[in-house]
Amino acid sequence: MVNLSLMCLGLLSLWGVRGEVAPNFNHCKKFFFRQTPVSGLNIALPTPVETKTQKLVNPKKCLSAYNAASPAYICQIYNNQYYFATLYDRGRRIPLYSAYKMDIKGEPERNGSIVNYEPQLVHPGLAKNQMKKKECLTEIKNYNKNQSNDCKESFPQYRQTYKLSWSQALNDDFGTYTRGHLNPAGHHGKGDASQATMTFTNVAPQNPTMNQVQWNQYEQKLKNDLSQGCSNMYVVTGVVPSTTWVDQNQRVNVPSHYWNAFCCTDNNDKPLRSGGALCPNTDEGVVTEYNTVADLQNVLGNDMSFGSNFNIFFNRCQI
Ligand SMILES: *[C@@H]1O[C@H](CO)[C@@H](O)[C@H](O)[C@H]1NC(C)=O
Ligand SMILES: *[C@@H]1O[C@H](CO)[C@@H](O)[C@H](O)[C@H]1NC(C)=O
């Protein structure tokens, strides 16, 4: 009995610390068609490595994202609930894609701005909820304090803002670009579901015109036309990284394109329709639509170097 309850305690505490940044999407497979995550996308850059480590006490424990795997698999949690999944490129500090189920009937709400950050990109043991900057910094402060005086903030590398900005893009990292949603707030109902999209791990630098005009029109078409008659609408929206960066320090990458794939199914989750789109991230970028996911995958695989193992949906959501 004693052993059993000890074991339970052990399991519980494992359960407790398991977070949303994990080695895979096992905790949020439900956001993918047939619970099958996107596969074969091996284009992320490695996590940046701090070079100035002389004199630092316990860098292994105290540096932000020390030895962290890239990409990071984020099961997005807001107010203790899972809302969608994001594959995050730590080297480029942008998401490669976000996967979600559209709220087909939900009334769109687009208030507020991008305010949340992902604490677990800094240290895997931090809180699993997305948080506003101030709360995130407090998390980091408490973590630093907890490490028996090792992570002293007299080391610039251990300071709260430095550690947060090491692990992800901050609000002032976007230059003249907009903070372009991958998973858009407008595909979800009011309240927490749309607020959960307001996180820096779900946005990339997007050309302002392309964001407000061409891509916005396509997002509305997805919601208003392409989801007609579907019981479920699985959506994956991603970007194609480029060799352009917002700033000279190459902190945050500017994607060359945004892409989208959708899989519309009936109430038995049988595919009814599928397709996708691709648009250059420029003023004049034109949205090209695809009637099959296979066609989109061929373009991304061959012309955009995603590779031949890249697969968005189980069996390509073939009807
Ligand atoms: C958005 O609007 C809802 C109600 O309309 C409100 O409860 C919520 O606080 C707003 N969110 C932001 C970030 O302003
Ligand atoms: C710091 O330690 C306290 C007490 O053990 C704990 O409750 C808290 O979650 C820790 N915070 C962080 C960010 O590690």
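Residue indices begin at 1 and follow the sequence shown. Here the structure is a predicted model, which means the values were calculated and not measured. Ligands are counted one by one from 1 in listed order, and the atoms in each one are counted from 1 as well.
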Go through the structure and list residues passing salt bridge (charged side-chain N to carboxylate O under 4.0 Å, His left out) with Arg92, not counting sequence neighbours.
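Partners of Arg92 under the salt bridge (charged side-chain N to carboxylate O under 4.0 Å, His left out) test: Asp89.
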Sequence-distant partners of Lys221, salt bridge (charged side-chain N to carboxylate O under 4.0 Å, His left out), two or more places apart
Glu289
Could you go step by step and tell me if Asp173 and Arg93 meet the salt bridge (Lys or Arg N to Asp or Glu O under 4.0 Å) rule?
CA-CA 10 Å; Asp173 276 326; Arg93 296 189 177 91; over 6 Å; no
Over 60° means perpendicular and under 30° means parallel, so classify the ring planes of Phe32 and Tyr97, tilted if in between.
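Because their plane-to-plane angle is over 60°, the rings of Tyr97 and Phe32 count as perpendicular.
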May I have every N or O pair linking ligand 2 to the protein at under 3.5 Å, one per line with atom names and distance?
residue: ligand 2; atom: 2 (O); partner: Asn146; partner atom: OD1; Å: 3.1
residue: ligand 2; atom: 2 (O); partner: Asn146; partner atom: ND2; Å: 2.2
residue: ligand 2; atom: 11 (N); partner: Asn146; partner atom: ND2; Å: 3.0
residue: ligand 2; atom: 14 (O); partner: Asn146; partner atom: ND2; Å: 3.1

If we ignore angles and hydrogens, is there a donor and acceptor under 3.5 Å between the side chains of Asp283 and Asn207?
yes
Kindly write out the residues that satisfy side chain to side chain contact (heavy atoms under 4.5 Å, CB included) with Asn302, not counting sequence neighbours, or none if the list is empty.
Asn298
